[in-house]
Structures are given as structure tokens and as C-alpha cells.
Chemist: 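Starting off with a structure, shown below.
Ligands are counted one by one from 1 in listed order, and the atoms in each one are counted from 1 as well.
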Amino acid sequence: MNVEAQKLTAKDFATNQEVRWCPGCGDYAILKCLQRTMPDMGVTRENTVFVSGIGCSSRFPYYMNTYGFHTIHGRAPAVATGVKLANPELDVWVITGDGDSLSIGGNHLMHALRRNVGLNILLFNNEIYGLTKGQYSPTSQVGTRSPSTPYGSVDRALVPCAYALGAGATFIARTVDTAQKHMPDIFKRAHAHSGTSFVEIFQNCIVYADGIFEGFTDKKAAPDNQLLAEHGKPLLYGKEGNKGLRLKPGTLDLEAVTIGEDGVTADDILVHDETNKVLAQMLIGLQRPDFPMVLGVIYAEENVPVFEASVTEQVQGIRESKGPGDLNAYMAKGRTWTVPS
Ligand code: SF4
């Protein structure tokens with residue numbers, strides 16, 4: 001029940017806890033942005049839960065004036081699934097990092113995504129383990145030097161959105177910690193989505209991986225190196241807005257082109273369709289510097305059965321046909337025995 005009649009503000013979603021991230025960490029900007037956006041979503045504090053695992057970003061629940069769990073490494077999706085199943089009316093957010101969700105918790109994240117649990121999952125990707133002093137993570141690029149890879153990582157980096165798409169995610173978006181105008185829209189879309197929403201946020205770790213996203217997030221570099229995808233609009237970018245993506249003639253590959261060069265016209269540019277899984281896969285897979293980094297809602301599939309609704313419906317159906325269950329009777333039936341004291 002909504003017990004808060006008045007419109008809430010960002011301050012209502014902030015706690016009195018001292019925020020303990022390194023000065024200049026991108027986490028601050030994400031926190032402030034989410035606190036500012038919550039009132040616009042029409043949510044209430046008593047119906048909101050933040051669940052996190054372990055890592056720098058996982059301190060988030062302490063700073064949101066809502067319910068919250070700071071759980072164990074990689075297990076936030078499992079705990080959040082339980083919360084959502086117990087009370088499907090709650091708004092449940094999962095805050096996680098690249099190590100927490102894609103290494104330690106890769107298994108748990110996969111199952112939340114494929115089940116389409118009604119969770120809003122925000123993955124802060126800084127391509128490093130910050131909390132444990134800078135070891136390379138599953139999203140670190142080849143060559144990343146860290147205490148655990150002093151000569152440079154040789155692992156191929158995992159692309160979080162590709163992982164999510166492969167696991168069956170029904171909503172996939174990307175944004176940047178400094179994009180204070182873009183992030184709120186993405187949060188609102190994620191919150192409005194029915195089922196699991198997966199949002200990758202490029203987050204600068206000023207201590208162990210400072211500036212690794214500058215190539216497409218820096219104010220000067222951004223226009224020519226990031227593409228803000230919008231459903232129904234041409235996939236255009238560039239300072240002049242004249243660069244774009246098209247299908248390379250005779251292939252199923254994307255090509256970065258400039259309108260007015262080599263006979264390219266505006267009609268050649270692909271129009272974004274966030275319901276098209278094949279297009280989503282292609283956009284997610286684009287690598288810089290040959291292509292821009294694609295941000296925005298990349299994939300959204302509505303009307304997919306939601307896990308908690310399916311479970312509730314199944315349980316209700318069985319109760320109606322067989323009556324309420326008796327757990328004690330069930331446990332005692334069949335081959336059971338008593339351990340003598
Ligand atoms: Fe932020 Fe990096 Fe410091 Fe962690 S170590 S709080 S990610 S700047």
C-alpha cells in the first residue's frame with residue numbers, strides 16, 4: 001500500500017550514511033542520478049528493495065533510503081529472485097559489478113535472465129576489481145596490467161550485453177556514469193519493462209582503471225565515438241550527424257559510413273528496431289575504433305512470461321485442484337527415518 005501521499009524528492013531516497021567510495025569514483029554520479037530519478041518513476045520507498053553482492057558498487061543499498069540487502073559475492077540475483085517471488089508487488093533492483101556478476105556470479109545472473117524475473121539489474125562495468133585492489137576482471141581488455149596480471153591480461157574480454165542476450169534477456173541497455181541526461185531515461189525504461197531489465201553502465205574507477213572509457217565518453221570524443229540508439233530512428237552519430245551504420249552491400253555485416261561519401265545516402269542508414277534480436281546482436285558486437293560504442297536501449301522484448309507470475313499462477317492452480325499443501329506431511333512420507341538421540 002502506498003503510505004506516502006506526497007511527491008517524493010531525491011533527498012527522500014538518500015540515507016544519512018557516509019558514502020564511502022574513492023573521491024571521483026563514477027559510482028557517485030550513478031547514485032545521485034538514481035536518487036533523482038526514483039521520484040519520477042512514481043515509486044515508493046516502502047515498496048522498493050535494493051539487493052547487491054560484493055564489490056565497490058555493492059555498497060549501494062546503504063545509500064538508498066529503501067529496503068535493501070548487501071548479500072554475498074555473486075548471489076544478488078538469487079536473493080533478489082527470492083524477494084520478488086515472495087512479494088511480486090515489490091520493485092526489486094540488483095546492483096552489481098563486472099566481477100561480482102560475470103565471474104563469481106555468472107551462473108546466478110544467467111538464471112535470473114533466462115527466467116525473466118521481474119528485476120532491474122544495473123551492472124556497473126569498470127573492467128576491474130576495485131574493492132580488492134585492482135585485479136583484472138572478466139571484462140578487462142587484453143593487455144590490462146594489474147597486480148594479478150603484471151605482464152598484461154591475455155584473456156579475451158567478455159561483453160556483458162552479449163552475455164545477457166545469449167542468456168535470454170528481454171531488455172538490454174547501455175549508458176555511461178557521466179551521462180546525467182541519458183541515464184534517467186534508461187532507468188525509467190528499465191523500470192517500466194516487464195521482466196528482467198539488464199543495464200550496463202560504463203563506470204569510471206578513478207583509482208585502478210581511470211580513463212579507460214574516455215575514447216567514447218570524453219565530451220570531445222563522444223560525438224564521433226558513441227551512437228545513441230533510439231527505436232524507430234536512423235542509427236546516426238558524429239559531430240555533424242552524418243555518420244551512420246548500414247548493412248555492407250551483399251553481406252550481413254554492419255558498416256560505418258558517412259552520408260555523402262562513396263555514394264552513401266540517408267536512405268542507406270539502418271533504422272533502429274529494439275525488438276530485432278539479430279540487429280541487437282550486431283550492435284552489441286561492434287568494436288571500437290572501427291565502430292562507435294552503441295548506447296541506449298539496444299533490445300526490448302515485451303509480453304514474455306514473467307517468472308514470478310508463472311510460479312504464482314502454478315501454485316494457485318495446484319492449491320485450487322489439490323487443496324493447500326502440508327509440508328510436514330510431505331517431508332514425513334516415503335523413506336524417512338529418525339536419527340536416535
Ligand atoms: Fe570507485 Fe574504483 Fe574506488 Fe572502487 S576502487 S570506489 S570503483 S574509484
Chemist: Hydrogens and angles aside, do Arg59 and Gln17 bring a side-chain donor and acceptor to less than 3.5 Å of each other?
Modeler: no
Chemist: Does Lys7 pair with Asp40 as a salt bridge, N-O distance under 4.0 Å?
Modeler: yes
Chemist: Strictly under 4.0 Å, does any heavy atom of Ile206 approach an atom of ligand 1?
Modeler: yes
Chemist: Can you tell me the protein heavy atom closest to atom 2 (Fe) of ligand 1 and the distance?
Modeler: Cys205 SG, 2.3 Å
Chemist: Side-chain donor-acceptor pair under 3.5 Å between Thr144 and Ser146, yes or no?
Modeler: no
Chemist: Do you see a donor-acceptor pair shorter than 3.5 Å between the side chains of Asn47 and Glu89?
Modeler: no
Chemist: Does ligand 1 have a heavy atom under 4.0 Å from the side chain of Asn126, from its backbone, from both, or from neither?
Modeler: side chain
Chemist: Does Gln203 come within less than 4.0 Å of ligand 1, judged by its heavy atoms?
Modeler: yes
Chemist: Pick from Asn126, Asp210, Asp177: which one makes a side-chain hydrogen bond (donor to acceptor under 3.5 Å, both in side chains) with Asn204?
Modeler: Asp210
Chemist: Show me which atoms of ligand 1 lie under 4.0 Å from any heavy atom of Trp21.
Modeler: 6 (S)
Chemist: How does Cys22 reach ligand 1, by side chain, by backbone, by both or by neither, if only non-hydrogen atoms under 4.0 Å count?
Modeler: both
Chemist: Is the distance from atom 2 (Fe) of ligand 1 to some N, O or S atom of Cys56 under 2.8 Å?
Modeler: no
Chemist: For residues Thr196 and Leu113, report the shortest heavy-atom separation together with the two atoms involved.
Modeler: CG2-CD2, 3.7 Å
Chemist: With a cut-off of 2.8 Å, does any N, O or S atom of Cys25 fall short of it relative to atom 3 (Fe) of ligand 1?
Modeler: no
